[in-house]
Undergrad: 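Please see the structure below; I have some questions.
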Amino acid sequence: SPNYPADYNNGDSCEVSVDGEGFLYSLSFQTEEDYDFFYVESTPYSGDEGPNGLEVDSSVVLRFISDDSFTESGFEVCVTRAPRPLVKAAFIAWSEEHATAMADLTK
């Protein structure tokens, strides 16, 4: 987003096309929820949930539009050639018992 990692401005807008094929990931994402939007084609993203693992190609247009009130830090997105593993999701699903057992194995 404009000015990232500093806050974007009120009334900001920009548009870019994807260069090539791959998978779109949000490395950081924070916009004013329900008021400032990052669009992948016509699909809006807002708040703290950006696109992750979305397959894109050179026909895809990315847009950002902010309103005239509050601002946030914005976002950093990237396109990778291969899908990234969902390691974070695996750790969230683990129970405390599994975490304790894993900690015991590292002693």
Side-chain angles (χ1 to χ4, degrees):
S1 59
N3 299 330
Y4 182 84
D7 286 7
Y8 53 82
N9 296 314
N10 289 321
D12 267 349
S13 66
C14 61
E15 179 177 301
V16 296
S17 295
V18 174
D19 184 20
E21 298 178 345
F23 298 86
L24 183 67
Y25 288 93
S26 300
L27 303 178
S28 176
F29 198 93
Q30 189 62 56
T31 66
E32 182 187 9
E33 190 165 7
D34 298 327
Y35 294 95
D36 299 340
F37 294 94
F38 173 74
Y39 292 90
V40 179
E41 291 296 321
S42 61
T43 303
Y45 295 89
S46 184
D48 61 2
E49 294 288 328
N52 276 306
L54 187 64
E55 194 166 359
V56 294
D57 61 33
S58 59
S59 71
V60 172
V61 175
L62 309 175
R63 293 179 185 85
F64 174 68
I65 301 172
S66 67
D67 70 356
D68 291 324
S69 60
F70 299 102
T71 63
E72 295 282 355
S73 58
F75 53 87
E76 180 179 13
V77 296
C78 70
V79 175
T80 63
R81 298 292 176 217
R84 293 172 25 185
L86 298 176
V87 174
K88 183 177 179 181
F91 285 115
I92 291 171
W94 278 21
S95 68
E96 188 174 322
E97 178 182 285
H98 286 104
T100 302
M102 194 66 168
D104 289 343
L105 290 174
T106 61
K107 290 181 183 178

Undergrad: Mind listing the closest non-hydrogen atom pair of Phe64 and Asp36 along with its distance?
TA: CE1-CB, 4.5 Å
Undergrad: Indicate yes or no for a side-chain donor-acceptor contact from Thr71 to the backbone of Asn10 under 3.5 Å, with no hydrogens or angles considered.
TA: no
Undergrad: Closest heavy-atom contact between Phe29 and Pro51?
TA: CE1-CD, 4.3 Å
Undergrad: Please round to the nearest 0.5 Å and tell me the distance separating atom CZ of Phe38 and atom CD1 of Ile65.
TA: 11.5 Å
Undergrad: Roughly how far, to the nearest 0.5 Å, is CG of Asp7 from CG of Asp12?
TA: 10.5 Å
Undergrad: Pairs in or reaching into residues 37-64: which pass salt bridge (charged side-chain N to carboxylate O under 4.0 Å, His left out), with residues at least two apart or in two chains?
TA: Glu15-Arg63
Undergrad: Is there a donor-acceptor pair closer than 3.5 Å between any side-chain N or O of Ser1 and the backbone N or O of Phe75?
TA: yes
Undergrad: Any pair with a residue in residues 23-35 that passes salt bridge (charged side-chain N to carboxylate O under 4.0 Å, His left out), sequence neighbours left out, goes on the list, sorted by first then second residue, please.
TA: none
Undergrad: Keeping Ser46 on the side-chain end and Phe37 on the backbone end, is there a donor-acceptor pair under 3.5 Å?
TA: no
Undergrad: Under the ring pair (Phe, Tyr, Trp, His ring centres under 6.0 Å) rule, collect the residues that match up with Phe23, sequence neighbours excluded.
TA: none
Undergrad: Of all residues at least two apart in sequence or in a different chain, which pass the side chain to side chain donor-acceptor pair (under 3.5 Å) check with Asp67?
TA: Ser69
Undergrad: Quick one: ring pair (Phe, Tyr, Trp, His ring centres under 6.0 Å) partners of Tyr45, sequence neighbours excluded?
TA: none
Undergrad: Are the side chains of Asn9 and Pro2 in contact, using a 4.5 Å heavy-atom criterion?
TA: no
Undergrad: Please confirm whether the backbone N or O of Val77 pairs with a side-chain atom of Ser26, one donor and one acceptor, at under 3.5 Å?
TA: no
Undergrad: Does Phe70, at its CZ atom, have more than 12 non-hydrogen atoms belonging to other residues, nucleotides or ligands within less than 6.0 Å?
TA: no
Undergrad: How far apart are the closest heavy atoms of Tyr8 and Ser73, and which atoms are they?
TA: CD2-C, 4.3 Å
Undergrad: Once side-chain contact (heavy atoms from CB on, under 4.5 Å) is applied, do any residues pair with Val79, and if so which ones, sequence neighbours excluded?
TA: Val18, Leu24, Val56
